There are 2 protein chains.
Amino acid sequence: MLNMNPNTSPLSQQLHEQLLQLITETSPGERLPSEPALAKDLGVSRATLREAMRTFETQGLIHRKQGVGTFVVHPTHVIESGLEKLESIESLAERIGLPVKMGDFQIDERTASEEECKALLLETCETVTVVSRVIEAEDRPVAYLFDILPQDVLSSDDLDFSFTGSVLDFLLRRGDPELRTSRTEIGAVAAAPEVARALGIQRGDVVLRFVATLFSGEGQVIDYSISYFLPGYFRFHVIRRVG
Amino acid sequence: MLNMNPNTSPLSQQLHEQLLQLITETSPGERLPSEPALAKDLGVSRATLREAMRTFETQGLIHRKQGVGTFVVHPTHVIESGLEKLESIESLAERIGLPVKMGDFQIDERTASEEECKALLLETCETVTVVSRVIEAEDRPVAYLFDILPQDVLSSDDLDFSFTGSVLDFLLRRGDPELRTSRTEIGAVAAAPEVARALGIQRGDVVLRFVATLFSGEGQVIDYSISYFLPGYFRFHVIRRVG
DNA sequence: TAGCGATCAATTGTCAGACAAGTTATTGAC
DNA sequence: GTCAATAACTTGTCTGACAATTGATCGCTA
């Protein structure tokens, strides 16, 4: 049988979605259909199905046992809503049902500071684009976000009507460069004067800070961002696995 | 060819270790040997090799591209030192070269509060074991940790000379029950009076708080823990993946 | 009838070989 | 020298089969 899938990215994409849906629809502890049955249903070979299953097993969503079957394990959907997945604040807020709007917004183009230069892995400290914005929920600021990018990745001219404020969403929609992973450092800090002013709190009040470095598929640094969150409005969690 | 592997857990174990070693030995960006060559080297079929490779691809360690090859991607070891891996503060501190010792230490057995009862998924609010301790570095407290466990999982009688303060390390050494994942919620909070006293800071000072629920393989809650960290001594990060 | 061991069916784990699809380097014609 | 066709190599998928493990069934015996 020929592979008549026209997608550039493989049919695995669709297969993964179908399988994920099946898993989330199945109650924890229940057994999935056998591999031959599933493969026939989904129209793929058992080898392909098994490779996809391995993905979910690695993520801890399912548990396979020889001679018995494949079972859905407990925490299921929890994983999907954690920090493992990189998404914009807007998309996160929408998912958790918190209506947000954008407050103060600003774009600058300036020479990178030494710290920014180092974080972006720039040989020469060239011009960078700095996007800063405030997120508001329930008519009060709840997050203060910075994005710092090399000008050749994003310049102020690139931004058009489709730009909603989220640099991440914009880059994902544009599709170039290809984004892959983000290394996010998590800390609690006292608000600096500028942060306190943006968030409408007292200088020295406690805020949650994310410092993130966004990598492309080739390992280039695409975006260096600093985010300040007011405690109480967002809940971040991460799934940790035993060695 | 017969599968003459005597291990109860499959030969995948060994295959995984061999592959992981190969990946960590290979510089980021470099190409791995082709699948047929690797399969022959490791003495497994290509199908089995590919399933194992899928594990590492899911973890973001490698990147496969049709027609080109399989490449080791950049962050490699970074992932291994992030929050994805669940480990004790002692083990973490040792890895980052921060010498620590245990300060105040206390074990209580009392009836669970409503919140603890709910977190531990207990039908009836039975007796729980509470282990609290302070971690010191450079002769000052830097972390204040609580572990709350059902008494049938851990009672004060279980603790012997091998107990170093870390409940996690103790449970891992004992091997029963089997630990699997921990859901850790991350937040920044102002120190409550008790926390401030334990950490030697002012009431209201900013601390990083982890609230973790530790699951067994069967989905039971083994441990509910609350940890307070003084900013500056620990650096936590997480790798986030795009879509 | 109750108990128990052998047998059988179902399921996942692995294997072998083949072809499809995509990429890159080589080759050859102009 | 340029550029298109070609070949070689690599990953993606398919097919069919057998091995290993587990749970249920069946039949025998006491």
Side-chain angles (χ1 to χ4, degrees), chain A residues 1-19 22-23 26 29-73 178 180 217-218, chain B residues 1-19 22-23 26 29-73 217-218:
Chain A
M1 190 180 305
L2 293 182
N3 174 8
M4 45 190 109
N5 178 27
N7 298 350
T8 71
S9 76
L11 85 173
S12 308
Q13 192 62 30
Q14 190 185 345
L15 175 61
H16 265 70
E17 286 176 14
Q18 288 176 311
L19 272 179
L22 175 65
I23 291 173
T26 306
E30 269 190 54
R31 214 194 71 184
L32 294 178
S34 74
E35 293 179 355
L38 254 185
K40 188 182 172 191
D41 273 5
L42 301 176
V44 297
S45 73
R46 200 164 76 101
T48 303
L49 176 74
R50 278 184 62 79
E51 255 203 73
M53 293 289 241
R54 174 68 95 169
T55 298
F56 298 112
E57 189 181 33
T58 302
Q59 294 176 353
L61 293 176
I62 59 173
H63 177 57
R64 296 189 284 189
K65 195 168 180 190
Q66 183 173 2
V68 183
T70 303
F71 300 86
V72 176
V73 312
E178 181 198 5
R180 185 166 294 275
E218 291 79 25
Chain B
M1 188 181 302
L2 294 183
N3 175 7
M4 46 190 111
N5 178 28
N7 298 351
T8 71
S9 70
L11 87 170
S12 307
Q13 194 63 32
Q14 190 184 344
L15 174 61
H16 266 69
E17 286 177 13
Q18 288 176 309
L19 273 179
L22 175 65
I23 290 172
T26 305
E30 270 191 54
R31 214 194 70 183
L32 294 178
S34 74
E35 292 180 356
L38 254 185
K40 188 183 170 190
D41 273 6
L42 300 176
V44 297
S45 74
R46 215 179 81 150
T48 303
L49 175 74
R50 278 182 63 79
E51 254 203 74
M53 293 289 239
R54 174 70 94 171
T55 298
F56 297 112
E57 189 182 30
T58 301
Q59 294 176 352
L61 294 176
I62 60 174
H63 177 56
R64 294 189 285 188
K65 195 170 180 187
Q66 183 173 2
V68 185
T70 302
F71 300 84
V72 176
V73 313
E218 291 79 25

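Since the model is a prediction, treat every value here as computed from it, not as a measurement. Below, chains carry the letters A, B, ... as their sequence lines are ordered, and counting in each starts from 1.
Protein atom NZ of A/Lys40 is 16 Å distant from nucleotide atom C1' of D/dC14, rounded to whole Å. Going from atom CG of A/Leu32 over to atom P of C/dA10 covers 19 Å, rounded to whole Å. Put simply, CD on A/Glu57 is 12 Å from P on C/dT12, counting in whole angstrom units. We find that CD of A/Glu51 is positioned 17 Å from P of C/dT12, with the value rounded to whole Å. What separates CE of A/Met53 from P of C/dT14 is a distance of 15 Å, to the nearest Å. Distance, B/Glu35 CD to C/dA21 C1': 14 Å, rounded to whole Å. Atom NE2 in B/His16 sits roughly 14 Å away from atom C1' in C/dG13 (whole-Å rounding). Per the geometry, NE2 belonging to A/His63 stands 14 Å off C1' belonging to C/dT11, to the nearest Å.
Checking C/dT14, D/dG12, D/dT13 against the side-chain heavy atoms of B/Ser45 singles out C/dT14 as nearest. Minimum atom distance to the side chain of A/Arg64 is reached by C/dG13, of the listed C/dG13, C/dT14, D/dG12. The B/Arg31 side chain lies nearest to D/dT10 when the options are C/dG13, D/dC14, D/dT10. Considering only side-chain atoms of B/Arg50, the nucleotide from D/dG12, C/dT14, D/dT15 that sits closest is D/dG12. When the nucleotides D/dT11, C/dG13, C/dC15 are ranked by their closest atom to the side chain of B/Ser34, D/dT11 comes out on top.
Between A/Val68 and A/Leu49, the one whose closest nucleotide on DNA chain D sits nearer the 5' end is A/Leu49. Each of A/Gln66 and B/Thr70 lies near DNA chain D, and the nucleotide nearest B/Thr70 is the one positioned closer to the 5' end.
At a cut-off of 3.5 angstrom, the base of C/dT14 holds at least one donor-acceptor pair with the side chain of A/Arg46.
Take B/Ala52 and apply the side chain to side chain contact (heavy atoms under 4.5 Å, CB included) test, not counting sequence neighbours, and it matches B/Leu15, B/His16, B/Leu19.
The side-chain heavy atoms of B/Leu38 and B/Leu22, taken from C-beta on, include a pair separated by under 4.5 Å.
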Worked check of side-chain contact (heavy atoms from CB on, under 4.5 Å) between B/Arg54 and A/Thr58: CA-CA 9 Å; B/Arg54 174 70 94 171; A/Thr58 302; 6.0 Å; no
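The two atoms that bring A/Met53 and A/Ile62 nearest to each other are O-CD1, 3.5 Å, heavy atoms only.
Checked options B/Arg64, B/Arg50, B/His63; the residue passing with B/Glu57 is B/Arg64 (criterion: side chain to side chain donor-acceptor pair (under 3.5 Å)).
Between B/Thr48 and C/dC15 there is a side-chain N or O to OP1 or OP2 distance below 4.0 Å.
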